[in-house]
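As structure tokens, the structure follows; a few thoughts come after it.
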Amino acid sequence: MPELPEVEVLRRHLEGAIRDKVVRKVEVRRARSLRPTSVGTFVRTVAGSKFTGLSRRGKYLLFSLQVTATKKPLPLLGHLGMSGRMYLLPKRAPLPKHAAVILDLGKHQFIFEDTRYFGRLTLDTSPIARLGPEPLENARVPTDFDEGLSRSKQSIKMKLLDQTLVAGLGNIYASEALFRAKLSPRLPASQLKPEQIARLWKSIRQVLTEAVSCGSTVPLNFSGTGKRDGLFYFGRLPEAPDFYEERLQVYDRAGKPCLRCGTTIQRLVQGNRSTYFCPGCQKQ
DNA sequence: CACCATGTTCCTTG
DNA sequence: CCAAGGAACATGGT
């Protein structure tokens, strides 16, 4: 469930629940989920430490832990990949099929579940250094974004997925931001004029901000025990079945009318991934 | 069986 | 060294 808004909503839900909890025991069921950290190192290092905070950078979660004996900070990096989920589960509840890492916190256990195992929970925090600017913390267009676009002939859609120009956008919100900015996903990045870049940056921030606030007001089910799965952009509330339809303007809406102009939304493939756009609204 | 899926990284080619 | 394109990773849904 992972783009910036979903990760941020998860962070808000999780932070209070794990703060000050001590990791009594560590169980690793999938060594791959820790890469490149080894199981032995991970278990030895994390066991006995205490959660002191949870922050986010792009789509990454940064767990702040403290080694009890030495009081030294111990950062843990989490990424949900395509199908990762993190939540607390009562101690003796049955474990999900794809539980990758389980941290015993006493009354509850912290579960990192990941069906496809593309995500990770690791001691290696180096990926953070390669990330571009944080969209919600930069009201003005950052230089990295501006210059990154100017020296690429790739399509603007592809560049939005490159985490070094702006951190946190994924396939859904890249399409949504371009629709909002009224820019064609096929535009070569270097062809964007300053005015268009400014409009795009603003749209990115608006789309992400709305998604975060939307996710924050929804009674999410991160525990994985209910019927809905916590993937809030697809989750439909029983009391508001059209919720999802109204939230995403173009993503996964191929063949349906544009909510702004009525033109049929089209799907196209860029870099092996689907892009959705309105040919009427996004001519340039 | 086919194709699709919210992501990143590695390998090749130019 | 860089940019760009594509496959790989792994599982499940339709």
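- Counting to the nearest Å, the C1' atom of B/dG7 and the CG atom of A/Asp114 are 11 Å from each other.
- Residue-level contact check: A/Arg151 touches the backbone only, with heavy atoms under 4.0 Å from sugar-phosphate atoms and none from bases.
- A sub-4.0 Å separation between OP1 or OP2 of B/dT8 and a side-chain N or O of A/Gln163 is present.
- At a cut-off of 3.5 angstrom, counting only N and O atoms as typed in the model, there is a donor on one side and an acceptor on the other between the side-chain of A/Arg116 and the base of B/dA5.
- Centre separation under 5.5 Å together with a plane angle under 30° holds for the ring of A/Phe118 and the six-membered base ring of C/dC9, marking them as stacked.
- Aromatic ring pairs are classed by plane angle as parallel below 30°, tilted from 30° to 60° and perpendicular above 60°; the pair A/Phe145 and A/Trp201 is tilted.
- Contacts of A/Arg30 with the nucleic acid, taken as non-hydrogen atoms under 4.0 Å apart, involve only primed sugar atoms and P, OP1 or OP2.
- Put simply, CE on A/Met158 is 9 Å from P on C/dA4, counting in whole angstrom units.
- Contact between A/Ile265 and A/Pro257 at its shortest, heavy atoms only, is CG1-C, 4.3 Å.
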Could you walk me through whether A/Phe112 and A/Tyr117 pass the ring-ring contact (aromatic ring centres under 6.0 Å, His included) check?
CA-CA 10 Å; A/Phe112 172 32; A/Tyr117 303 105; 8.5 Å; no
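- Look at C/dA10: it lacks any Watson-Crick or wobble partner with both distances under 3.5 angstrom.
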Stepwise side chain to side chain donor-acceptor pair (under 3.5 Å) check, A/Arg186 with A/Ser155:
CA-CA 5 Å; A/Arg186 295 193 246 233; A/Ser155 70; over 6 Å; no
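- In this structure, the CG atom of A/Leu161 is 14 Å from the P atom of C/dA4, given to the nearest Å.
- For B/dC11 and C/dA10, the P atoms lie 15 Å apart once the distance is rounded to whole Å.
- For the OP1/OP2 pair of C/dA10 and a distance below 4.0 Å, the side-chain nitrogens and oxygens of A/Ser83 include no atom meeting the criterion.
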